[in-house]
Amino acid sequence: MLSCKEVASRASALIDGELSTWQALQMRLHLAMCKGCERFIGQIRTTRDLTQSLPAGDAHDEADDGHISAILSQLHKGKQEGG
Amino acid sequence: MSTARAHEAALVQLLASGDRTAFEQIYKRHNTSLVRVATGVVRSRATAEEVAQETWIAVLKSISGFEGRSSLASWIFSILINKARSRAKREGRIVLFDGAGEDDNLAAAFDGRGRWKDMPELWETLTPERILAGRSVMEHVNAAIEALPPGQRSVIILRAQQGLDADEVCAILGISEGNMRVLLHRARLGVRATLDGLM
(Lines give C-alpha, C1' and ligand atoms only; values in the text may rest on other atoms or scores of the structure.)
Protein backbone atom coordinates (compact mmCIF):
# COMPACT_ATOMS: atom_id res chain seq x y z
CA MET A 1 0.00 0.00 0.00
CA LEU A 2 1.37 3.38 -1.01
CA SER A 3 1.76 6.07 1.64
CA CYS A 4 0.18 9.51 1.17
CA LYS A 5 3.68 10.91 0.65
CA GLU A 6 4.30 8.47 -2.22
CA VAL A 7 0.91 9.25 -3.75
CA ALA A 8 1.66 12.99 -3.60
CA SER A 9 5.04 12.47 -5.29
CA ARG A 10 3.31 10.69 -8.20
CA ALA A 11 0.39 13.11 -8.51
CA SER A 12 1.62 14.76 -11.71
CA ALA A 13 2.54 11.42 -13.28
CA LEU A 14 -1.00 10.18 -12.56
CA ILE A 15 -2.85 13.16 -14.01
CA ASP A 16 -0.48 13.32 -17.00
CA GLY A 17 -1.14 9.63 -17.72
CA GLU A 18 2.49 8.57 -17.31
CA LEU A 19 2.09 5.71 -14.85
CA SER A 20 2.08 2.05 -15.82
CA THR A 21 -1.23 0.20 -15.45
CA TRP A 22 -0.01 -1.39 -12.22
CA GLN A 23 1.25 1.92 -10.75
CA ALA A 24 -2.00 3.65 -11.68
CA LEU A 25 -4.00 0.85 -10.07
CA GLN A 26 -2.01 1.20 -6.83
CA MET A 27 -2.78 4.92 -6.88
CA ARG A 28 -6.50 4.35 -7.49
CA LEU A 29 -6.65 1.85 -4.60
CA HIS A 30 -5.14 4.41 -2.24
CA LEU A 31 -7.34 7.23 -3.55
CA ALA A 32 -10.49 5.16 -3.06
CA MET A 33 -9.75 5.07 0.66
CA CYS A 34 -7.98 8.38 1.31
CA LYS A 35 -9.90 11.64 1.18
CA GLY A 36 -6.75 13.73 1.81
CA CYS A 37 -4.97 12.33 -1.24
CA GLU A 38 -8.08 12.58 -3.36
CA ARG A 39 -8.26 16.28 -2.51
CA PHE A 40 -4.55 16.74 -3.13
CA ILE A 41 -4.77 15.17 -6.59
CA GLY A 42 -7.69 17.55 -7.26
CA GLN A 43 -5.50 20.50 -6.23
CA ILE A 44 -2.67 19.43 -8.55
CA ARG A 45 -5.15 18.93 -11.40
CA THR A 46 -6.54 22.45 -10.82
CA THR A 47 -2.98 23.83 -10.69
CA ARG A 48 -2.13 22.11 -13.98
CA ASP A 49 -5.27 23.46 -15.64
CA LEU A 50 -4.64 27.01 -14.36
CA THR A 51 -1.01 27.06 -15.52
CA GLN A 52 -2.08 25.74 -18.93
CA SER A 53 -4.74 28.39 -19.33
CA LEU A 54 -2.38 31.27 -18.55
CA PRO A 55 -2.10 33.22 -21.80
CA ALA A 56 1.28 32.84 -23.50
CA GLY A 57 1.44 36.55 -24.26
CA ASP A 58 0.12 39.69 -22.64
CA ALA A 59 -2.79 41.58 -24.08
CA HIS A 60 -1.85 44.10 -26.74
CA ASP A 61 0.58 46.54 -25.27
CA GLU A 62 1.51 49.79 -26.99
CA ALA A 63 5.11 49.28 -25.89
CA ASP A 64 5.17 46.18 -28.14
CA ASP A 65 4.91 48.33 -31.26
CA GLY A 66 7.95 50.32 -30.13
CA HIS A 67 9.92 47.14 -29.37
CA ILE A 68 9.01 45.61 -32.72
CA SER A 69 10.09 48.76 -34.58
CA ALA A 70 13.35 48.86 -32.58
CA ILE A 71 14.13 45.23 -33.49
CA LEU A 72 13.35 45.76 -37.17
CA SER A 73 15.38 48.97 -37.40
CA GLN A 74 18.37 47.33 -35.66
CA LEU A 75 18.13 44.44 -38.08
CA HIS A 76 17.98 46.82 -40.99
CA LYS A 77 20.98 48.78 -39.66
CA GLY A 78 22.97 45.56 -39.24
CA LYS A 79 22.22 44.57 -42.83
CA GLN A 80 23.35 47.96 -44.15
CA GLU A 81 26.55 47.86 -42.10
CA GLY A 82 27.18 44.30 -43.21
CA GLY A 83 27.12 45.37 -46.82
CA MET B 1 2.66 17.82 -43.98
CA SER B 2 0.31 18.51 -41.04
CA THR B 3 -1.79 21.68 -41.05
CA ALA B 4 0.24 23.13 -38.18
CA ARG B 5 3.52 22.41 -39.96
CA ALA B 6 2.24 23.87 -43.24
CA HIS B 7 1.05 26.98 -41.39
CA GLU B 8 4.46 27.31 -39.76
CA ALA B 9 6.31 26.88 -43.07
CA ALA B 10 4.20 29.69 -44.53
CA LEU B 11 4.95 31.88 -41.50
CA VAL B 12 8.68 31.21 -41.84
CA GLN B 13 8.56 32.28 -45.49
CA LEU B 14 6.79 35.49 -44.55
CA LEU B 15 9.35 36.20 -41.83
CA ALA B 16 12.20 35.55 -44.27
CA SER B 17 10.65 38.03 -46.69
CA GLY B 18 10.60 40.71 -43.96
CA ASP B 19 6.81 40.76 -43.43
CA ARG B 20 6.11 42.98 -40.40
CA THR B 21 2.66 41.55 -39.66
CA ALA B 22 4.09 38.03 -39.50
CA PHE B 23 6.77 39.25 -37.12
CA GLU B 24 4.20 41.03 -34.93
CA GLN B 25 2.18 37.84 -34.75
CA ILE B 26 5.09 35.70 -33.62
CA TYR B 27 6.47 38.39 -31.31
CA LYS B 28 3.17 38.64 -29.47
CA ARG B 29 2.89 34.88 -29.19
CA HIS B 30 6.31 34.36 -27.61
CA ASN B 31 7.88 37.55 -26.29
CA THR B 32 6.32 37.51 -22.80
CA SER B 33 7.43 33.90 -22.32
CA LEU B 34 10.90 34.65 -23.67
CA VAL B 35 11.34 37.41 -21.10
CA ARG B 36 9.91 35.21 -18.33
CA VAL B 37 12.30 32.35 -19.10
CA ALA B 38 15.29 34.69 -19.49
CA THR B 39 14.55 36.43 -16.18
CA GLY B 40 15.13 33.10 -14.44
CA VAL B 41 18.59 32.89 -15.97
CA VAL B 42 19.93 36.46 -15.90
CA ARG B 43 18.12 37.65 -12.78
CA SER B 44 17.34 41.18 -13.93
CA ARG B 45 14.21 42.02 -15.86
CA ALA B 46 16.00 44.73 -17.88
CA THR B 47 18.76 42.30 -18.95
CA ALA B 48 16.15 39.66 -19.76
CA GLU B 49 14.38 42.11 -22.04
CA GLU B 50 17.68 42.84 -23.79
CA VAL B 51 18.32 39.11 -24.20
CA ALA B 52 14.84 38.66 -25.69
CA GLN B 53 15.48 41.51 -28.11
CA GLU B 54 18.87 40.05 -29.14
CA THR B 55 17.08 36.73 -29.66
CA TRP B 56 14.55 38.28 -32.04
CA ILE B 57 17.30 39.93 -34.05
CA ALA B 58 19.16 36.61 -34.28
CA VAL B 59 15.91 34.83 -35.26
CA LEU B 60 15.18 37.26 -38.08
CA LYS B 61 18.79 37.26 -39.28
CA SER B 62 18.95 33.49 -39.55
CA ILE B 63 15.31 32.62 -40.36
CA SER B 64 16.17 31.67 -43.95
CA GLY B 65 18.41 28.93 -42.52
CA PHE B 66 15.58 27.49 -40.38
CA GLU B 67 14.99 23.99 -41.72
CA GLY B 68 11.97 22.97 -39.67
CA ARG B 69 13.70 20.09 -37.90
CA SER B 70 12.14 21.35 -34.69
CA SER B 71 9.14 23.63 -34.24
CA LEU B 72 9.78 27.32 -34.78
CA ALA B 73 9.00 28.03 -31.09
CA SER B 74 11.51 25.42 -29.99
CA TRP B 75 14.18 26.95 -32.25
CA ILE B 76 13.49 30.46 -30.90
CA PHE B 77 13.69 29.31 -27.26
CA SER B 78 16.97 27.45 -27.95
CA ILE B 79 18.48 30.69 -29.22
CA LEU B 80 17.16 32.53 -26.16
CA ILE B 81 18.61 29.98 -23.72
CA ASN B 82 22.04 30.16 -25.38
CA LYS B 83 22.04 33.93 -25.23
CA ALA B 84 20.80 34.05 -21.64
CA ARG B 85 23.38 31.50 -20.51
CA SER B 86 26.20 33.44 -22.20
CA ARG B 87 25.03 36.58 -20.45
CA ALA B 88 24.91 34.79 -17.07
CA LYS B 89 28.39 33.43 -17.71
CA ARG B 90 29.66 36.96 -18.32
CA GLU B 91 28.10 37.86 -14.97
CA GLY B 92 30.17 35.03 -13.47
CA ARG B 93 27.38 32.48 -13.04
CA ILE B 94 26.72 29.12 -14.63
CA VAL B 95 23.02 28.33 -14.81
CA LEU B 96 21.89 24.72 -15.00
CA PHE B 97 18.29 23.66 -15.36
CA ASP B 98 18.47 20.23 -13.72
CA GLY B 99 17.11 21.40 -10.36
CA ALA B 100 19.93 19.67 -8.44
CA GLY B 101 19.84 20.49 -4.75
CA GLU B 102 16.24 21.69 -4.90
CA ASP B 103 13.60 19.98 -2.85
CA ASP B 104 9.86 19.97 -3.10
CA ASN B 105 7.97 21.95 -0.50
CA LEU B 106 5.82 19.06 0.70
CA ALA B 107 8.15 17.14 3.04
CA ALA B 108 6.79 18.91 6.13
CA ALA B 109 3.20 18.04 5.22
CA PHE B 110 3.59 14.39 6.26
CA ASP B 111 4.09 12.57 9.55
CA GLY B 112 6.78 9.92 10.13
CA ARG B 113 4.64 7.27 8.44
CA GLY B 114 4.06 9.38 5.33
CA ARG B 115 0.48 10.38 6.17
CA TRP B 116 -0.96 13.89 5.85
CA LYS B 117 -0.58 15.88 9.06
CA ASP B 118 -3.43 18.16 7.94
CA MET B 119 -6.11 17.22 5.46
CA PRO B 120 -5.64 19.10 2.15
CA GLU B 121 -8.38 21.62 1.37
CA LEU B 122 -11.08 21.06 -1.19
CA TRP B 123 -10.56 23.65 -3.93
CA GLU B 124 -13.91 23.49 -5.65
CA THR B 125 -14.46 27.26 -5.31
CA LEU B 126 -11.16 28.16 -6.99
CA THR B 127 -11.87 29.66 -10.40
CA PRO B 128 -9.46 31.68 -12.60
CA GLU B 129 -11.52 34.86 -12.14
CA ARG B 130 -11.78 34.67 -8.37
CA ILE B 131 -10.13 37.52 -6.46
CA LEU B 132 -7.94 36.52 -3.51
CA ALA B 133 -5.90 39.05 -1.53
CA GLY B 134 -6.68 41.77 -4.07
CA ARG B 135 -5.56 39.91 -7.19
CA SER B 136 -7.14 37.42 -9.56
CA VAL B 137 -6.17 33.78 -9.23
CA MET B 138 -4.40 33.97 -12.60
CA GLU B 139 -2.26 36.89 -11.41
CA HIS B 140 -1.26 34.83 -8.38
CA VAL B 141 -0.41 31.89 -10.65
CA ASN B 142 1.76 34.15 -12.79
CA ALA B 143 3.57 35.60 -9.77
CA ALA B 144 4.11 32.11 -8.35
CA ILE B 145 5.69 30.95 -11.64
CA GLU B 146 7.99 33.98 -11.65
CA ALA B 147 9.21 33.04 -8.18
CA LEU B 148 10.25 29.49 -9.18
CA PRO B 149 13.91 28.46 -9.69
CA PRO B 150 15.14 28.62 -13.35
CA GLY B 151 14.62 24.96 -14.26
CA GLN B 152 11.09 24.69 -12.84
CA ARG B 153 10.11 28.04 -14.24
CA SER B 154 11.43 27.23 -17.72
CA VAL B 155 9.78 23.81 -17.82
CA ILE B 156 6.35 25.06 -16.77
CA ILE B 157 6.45 27.99 -19.21
CA LEU B 158 7.63 25.89 -22.14
CA ARG B 159 5.35 22.91 -21.43
CA ALA B 160 2.21 24.51 -20.01
CA GLN B 161 2.14 27.99 -21.53
CA GLN B 162 3.91 27.46 -24.84
CA GLY B 163 2.69 23.89 -25.27
CA LEU B 164 6.03 22.53 -26.53
CA ASP B 165 6.55 18.76 -26.70
CA ALA B 166 8.40 17.06 -23.87
CA ASP B 167 11.38 16.12 -26.07
CA GLU B 168 11.67 19.69 -27.37
CA VAL B 169 11.76 21.07 -23.81
CA CYS B 170 14.44 18.51 -22.85
CA ALA B 171 16.57 19.46 -25.86
CA ILE B 172 16.24 23.21 -25.22
CA LEU B 173 17.22 22.94 -21.55
CA GLY B 174 19.68 20.06 -21.92
CA ILE B 175 17.92 17.83 -19.38
CA SER B 176 16.60 14.25 -19.39
CA GLU B 177 12.91 13.47 -19.72
CA GLY B 178 12.82 12.08 -16.16
CA ASN B 179 14.39 15.28 -14.91
CA MET B 180 11.90 17.37 -16.84
CA ARG B 181 8.96 15.52 -15.27
CA VAL B 182 10.38 16.05 -11.77
CA LEU B 183 10.82 19.77 -12.49
CA LEU B 184 7.28 20.06 -13.85
CA HIS B 185 5.87 18.34 -10.76
CA ARG B 186 7.90 20.58 -8.42
CA ALA B 187 6.80 23.65 -10.35
CA ARG B 188 3.15 22.63 -9.88
CA LEU B 189 3.80 22.01 -6.18
CA GLY B 190 5.24 25.52 -5.93
CA VAL B 191 2.22 27.13 -7.61
CA ARG B 192 -0.11 24.94 -5.56
CA ALA B 193 1.58 26.05 -2.31
CA THR B 194 1.02 29.71 -3.25
CA LEU B 195 -2.66 29.10 -4.01
CA ASP B 196 -3.10 26.99 -0.89
CA GLY B 197 -1.74 29.83 1.20
CA LEU B 198 -4.45 32.11 -0.18
CA MET B 199 -7.44 29.82 0.28
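Chain letters run A, B, ... following the sequence lines, proteins first, then strands; residues in each count from 1.
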Tell me, side chain or backbone of [X] under 4.5 Å from chain A's heavy atoms, or both, or neither?
X	value
Trp123(B)	side chain
Ile157(B)	neither
Ile57(B)	both
Asp196(B)	side chain

Side-chain contact, heavy-atom cut-off 4.5 Å: [X] with [Y]?
X	Y	value
Pro128(B)	Leu50(A)	yes
Ile44(A)	Leu189(B)	yes
Phe23(B)	Leu75(A)	no

Against chain B, work out which of Glu38(A), Lys35(A), Glu6(A), Glu18(A) has the most heavy-atom pairs shorter than 4.5 Å and name it.
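Maximum pair count with chain B is reached by Glu18(A).
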
For the candidates Ala11(A), Ser69(A), Cys34(A), Gly42(A), which exhibits the highest count of non-hydrogen atom pairs separated by less than 4.5 Å from chain B?
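Sorted descending by pairs with chain B, the first entry is Ser69(A).
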
Do Gln74(A) and Gln53(B) meet the criterion of a side-chain donor-acceptor pair at a distance under 3.5 Å?
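Gln53(B) and Gln74(A) do have a side-chain donor-acceptor pair below 3.5 Å.
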
Is the side chain of [X] donor-acceptor paired with the backbone N or O of [Y] at a distance under 3.5 Å, no angle test?
X	Y	answer
His67(A)	Tyr27(B)	no
Arg192(B)	Thr47(A)	no
Gln43(A)	Glu121(B)	yes

Step by step, would you call Thr51(A) with Arg159(B) a side chain to side chain donor-acceptor pair (under 3.5 Å)?
CA-CA 10 Å; Thr51(A) 55; Arg159(B) 280 291 278 153; over 6 Å; no

Hey, what do you get for OG (Ser3(A)) to CG (Asp111(B)), rounding to the nearest 0.5 Å?
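One finds 9.5 Å between OG of Ser3(A) and CG of Asp111(B).
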
